[in-house]
2 protein chains.
Amino acid sequence: MKISTKGRYALRLMLDLAINFTGEYISIKSIAARQDISEKYLEQIITQLNRAGYVKSVRGAQGGYMLSKAPSEYTVGMILRLMEGSLAPVNCAEDEESCDRASRCVTQEVWVQIQKAVEDVVDNITLENLVTRYQEKAEPVYII
Amino acid sequence: MKISTKGRYALRLMLDLAINFTGEYISIKSIAARQDISEKYLEQIITQLNRAGYVKSVRGAQGGYMLSKAPSEYTVGMILRLMEGSLAPVNCAEDEESCDRASRCVTQEVWVQIQKAVEDVVDNITLENLVTRYQEKAEPVYII
DNA sequence: AAAAATTCCTACCGTTTTGATAGAAATTTT
DNA sequence: AAAATTTCTATCAAAACGGTAGGAATTTTT
């Protein structure tokens with residue numbers, strides 16, 4: 001029942017791009033340094049995000065990556081689904097036909113309930129929400 | 001983000017014991033036949049359930065297994081936790097000290113939210129609930 | 001024009017987990 | 001004594017995980 005490092009790193013990566021947005025492209029190298037993740041591994045992950053159109057890239061010196069849309073346009077669910085393939089705890093939760101017992105199976109209903117619960121969380125948190133949480137953590141506002 | 005076959009089979013196994021309860025011990029062989037799961041694999045799974053005290057066993061002819069408590073005493077969560085080890089989507093959701101970024105990390109909060117959502121589902125479904133659902137599916141009551 | 005900085009692409013690889021299978025010993029009933 | 005079971009231990013192939021490596025392509029800087 002674990003989320004792989006690909007999914008976790010992808011979320012940190014996207015959040016890093018959102019938090020460190022300046023209008024300039026951000027290199028893998030700098031993300032890797034901030035997030036303490038191998039450059040080569042991040043490269044693989046960001047390639048998937050790029051192919052899905054979640055980020056845009058520019059090669060060469062001063063090149064790098066940038067979110068292609070506003071942080072509010074990305075949900076955690078979008079990012080995790082892209083990396084994990086699906087958020088179903090078992091195949092039959094998403095595709096009843098993957099098991100011919102599904103019609104009589106009550107455990108299948110449990111898996112569907114789990115999947116819905118997970119989706120209800122991740123589809124209702126955006127990168128923007130996370131940026132806000134980050135700022136509140138990093139720079140608490142003291143009302144005097 | 002998948003639940004392993006061990007967890008899934010364990011739930012079907014426990015439910016099978018609950019549904020087919022007659023007061024007599026039930027053999028692995030008969031469970032395997034009904035559930036269409038390898039006897040040898042079920043054996044390994046039920047061994048874990050036995051060691052945890054979730055089922056009791058008797059060897060020899062007419063031997064087999066039986067739930068050690070009433071179906072209402074088992075939650076889906078208990079069974080899944082036993083087989084999967086934990087329901088946390090990542091280690092830091094359960095054990096903050098497993099990552100020294102946890103205190104500043106906002107993705108960690110996401111994992112905690114996911115875990116809580118999953119637990120809220122599985123800790124509130126008992127085997128008894130599933131038996132009821134099963135009976136409603138298998139024998140619909142037509143009110144005329 | 002050359003050098004430097006970067007993404008892009010493909011392949012490979014060791015370790016762990018998953019999902020079993022196999023065989024024989026121990027126990028209990030028939 | 002035989003049959004039916006659980007119990008225990010070992011083994012194993014395949015897939016997934018979590019990377020690493022190297023070089024080609026592109027763009028900017030010098």
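Chain naming here is simple, since letters A, B, ... match the order of the sequence lines and numbering starts at 1 in each.
Counting non-hydrogen atoms of neighbouring residues, nucleotides and ligands closer than 6.0 angstrom, the NZ atom of B:Lys29 reaches no more than 12 such neighbours. More than 12 heavy atoms of other residues, nucleotides or ligands shown are found within 6.0 angstrom of OH on A:Tyr41. No more than 12 heavy atoms of other residues, nucleotides or ligands shown are found within 6.0 angstrom of NZ on B:Lys116.
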Donor-acceptor list for residues 42-67 of chain A side chains, cut-off 3.5 Å, not counting sequence neighbours:
unit_1, atom_1, unit_2, atom_2, d
A:Thr47, OG1, A:Glu43, O, 2.7
A:Asn50, ND2, A:Ser57, OG, 3.3

List, one per line, each side-chain donor-acceptor pair under 3.5 Å for residues 122-130 of chain A, sequence neighbours excluded.
unit_1, atom_1, unit_2, atom_2, d
A:Asp123, OD1, A:Arg81, NH1, 3.1
A:Asp123, OD1, A:Arg81, NH2, 3.2
A:Asp123, OD2, A:Arg81, NH2, 2.9
A:Asn124, ND2, A:Asp120, O, 2.7
A:Asn124, ND2, A:Asp120, OD1, 3.4
A:Thr126, OG1, A:Glu128, N, 3.3
A:Thr126, OG1, A:Asn129, N, 3.0
A:Thr126, OG1, A:Asn129, OD1, 3.1
A:Asn129, OD1, A:Thr126, N, 2.8

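In this structure, B:Glu84 contributes its side chain and B:Ile3 its backbone to no donor-acceptor pair below 3.5 Å.
Looking at residues two or more places apart in sequence or on another chain, you find no side-chain hydrogen bond (donor to acceptor under 3.5 Å, both in side chains) involving B:Tyr9. In terms of the ring-ring contact (aromatic ring centres under 6.0 Å, His included) criterion, B:Tyr25 has no residue partners (sequence neighbours excluded). Under the side-chain hydrogen bond (donor to acceptor under 3.5 Å, both in side chains) criterion, B:Glu109 pairs with A:Arg133, A:Lys137, not counting sequence neighbours. For B:Ser86, the side-chain hydrogen bond (donor to acceptor under 3.5 Å, both in side chains) partners at least two apart in sequence or on another chain are B:Glu94. A search for side-chain hydrogen bond (donor to acceptor under 3.5 Å, both in side chains) contacts involving A:Glu73 returns nothing, not counting sequence neighbours.
For the contact set between residues 12-31 of chain A and DNA chain D, defined by any heavy atom under 4.0 Å, there are no members. Remark: A:Arg59, A:Gly60, A:Ala61 in residues 45-61 of chain A come within less than 4.0 Å of DNA chain D through at least one heavy atom.
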Got a list of protein N/O to nucleotides 19-22 of chain C N/O distances below 3.5 Å?
unit_1, atom_1, unit_2, atom_2, d
C:dG19, OP2, B:Thr5, N, 2.9
C:dG19, OP2, B:Thr5, OG1, 2.9
C:dG19, O5', B:Thr5, OG1, 3.3
C:dA20, OP2, B:Tyr9, OH, 3.2
C:dA20, N7, B:Gln44, NE2, 3.3
C:dT21, OP2, B:Ser38, OG, 2.9
C:dT21, O4, B:Gln44, NE2, 2.5

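The salt bridge (charged side-chain N to carboxylate O under 4.0 Å, His left out) analysis of residues 2-28 of chain A, with sequence neighbours excluded, yields the pairs A:Asp16-A:Arg34.
Along DNA chain D, read 5' to 3', the first and last nucleotides having any atom under 4.0 Å from a heavy atom of chain A are D:dG18 to D:dT29.
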